[in-house]
Amino acid sequence: MVDFNVVSGLVWFGCGLLILYLGYLIAFRGRADLHANYDESVDPAYVSRWAGGTALLMGALVVLYGIQEIYYGFRPYALGGLVVSLLVLSYVSKLFAGGFGYQE
């Protein structure tokens, strides 16, 4: 029988890969319109650079958490740190998609 931590870790790993793919599309393919909070008055290159980079960081954190859970099992502090960091990075990504820091 497969350990629950391995199954859960694989789910986290898969979700992290999906986030990385969306971050790749936003950051490297210039698809800023994929971000839910994208303001069209902001330069798409700016949003792609900053919001896409933030999405790539979020995906990397989720992938690393999945690997950690597969090898070391469930650790509540690691999950709590992941959730808090994802909430903060999500907020920062929304700010960048809305044009925070953008100057014409």
Side-chain angles (χ1 to χ4, degrees):
M1 184 137 184
V2 179
D3 188 24
F4 178 74
N5 293 325
V6 173
V7 173
S8 177
L10 288 173
V11 169
W12 281 105
F13 186 80
C15 291
L17 290 178
L18 288 174
I19 296 169
L20 279 173
Y21 180 68
L22 287 173
Y24 163 76
L25 287 176
I26 294 171
F28 296 114
R29 295 289 182 166
R31 295 290 311 269
D33 58 322
L34 291 177
H35 199 287
N37 297 94
Y38 173 57
D39 184 7
E40 294 183 7
S41 65
V42 182
D43 182 27
Y46 175 82
V47 174
S48 293
R49 184 178 331 117
W50 290 102
T54 307
L56 288 173
L57 179 60
M58 291 168 68
L61 287 174
V62 175
V63 165
L64 289 174
Y65 177 78
I67 292 171
Q68 181 273 143
E69 189 165 333
I70 290 170
Y71 286 114
Y72 301 112
F74 175 72
R75 294 185 176 178
Y77 290 116
L79 179 61
L82 175 69
V83 169
V84 169
S85 64
L86 288 178
L87 285 172
V88 169
L89 288 172
S90 172
Y91 180 71
V92 170
S93 177
K94 287 178 187 177
L95 288 177
F96 286 137
F100 177 76
Y102 176 68
Q103 297 175 1
E104 291 186 32

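Throughout, residue positions are numbered sequentially from 1 according to the sequence presented.
Under the 30°/60° scheme for interplanar angles, the aromatic rings of W50 and F96 are found to be tilted.
A donor-acceptor contact shorter than 3.5 Å links the side chain of S48 to the backbone of P44.
Cluster annotation: V92 and M58 are assigned to distinct hydrophobic clusters (Ile/Leu/Val/Met/Phe/Trp/Tyr, side-chain heavy-atom contacts under 4.5 Å, transitive). One hydrophobic cluster, built from ILVMFWY side chains closer than 4.5 Å, holds both F74 and V83. There is no path of hydrophobic side-chain contacts, each under 4.5 Å, that joins L64 to Y72. No chain of hydrophobic side-chain contacts below 4.5 Å, direct or via other Ile, Leu, Val, Met, Phe, Trp or Tyr residues, connects V62 to V84. Taken together through direct or relayed side-chain contacts under 4.5 Å among Ile, Leu, Val, Met, Phe, Trp and Tyr, V63 and L82 form parts of separate hydrophobic clusters.
In this structure, the separation between CG on L56 and CG on L25 is 10.0 Å, given to the nearest 0.5 Å. Considering CG of D3 and CD of E69, their distance stands at 9.5 Å, rounded to 0.5 Å. To the nearest 0.5 Å, atom CD of residue Q68 and atom CG of residue L61 are 12.0 Å apart.
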Review item, side-chain donor-acceptor pairs of residues 12-23, under 3.5 Å, at least two apart:
none

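Minimum heavy-atom separation, V2 to V7: CG1-CG2, 3.7 Å. Scanning all heavy atoms of the two residues, the minimum distance from I26 to V47 falls at CG2-O, 4.4 Å.
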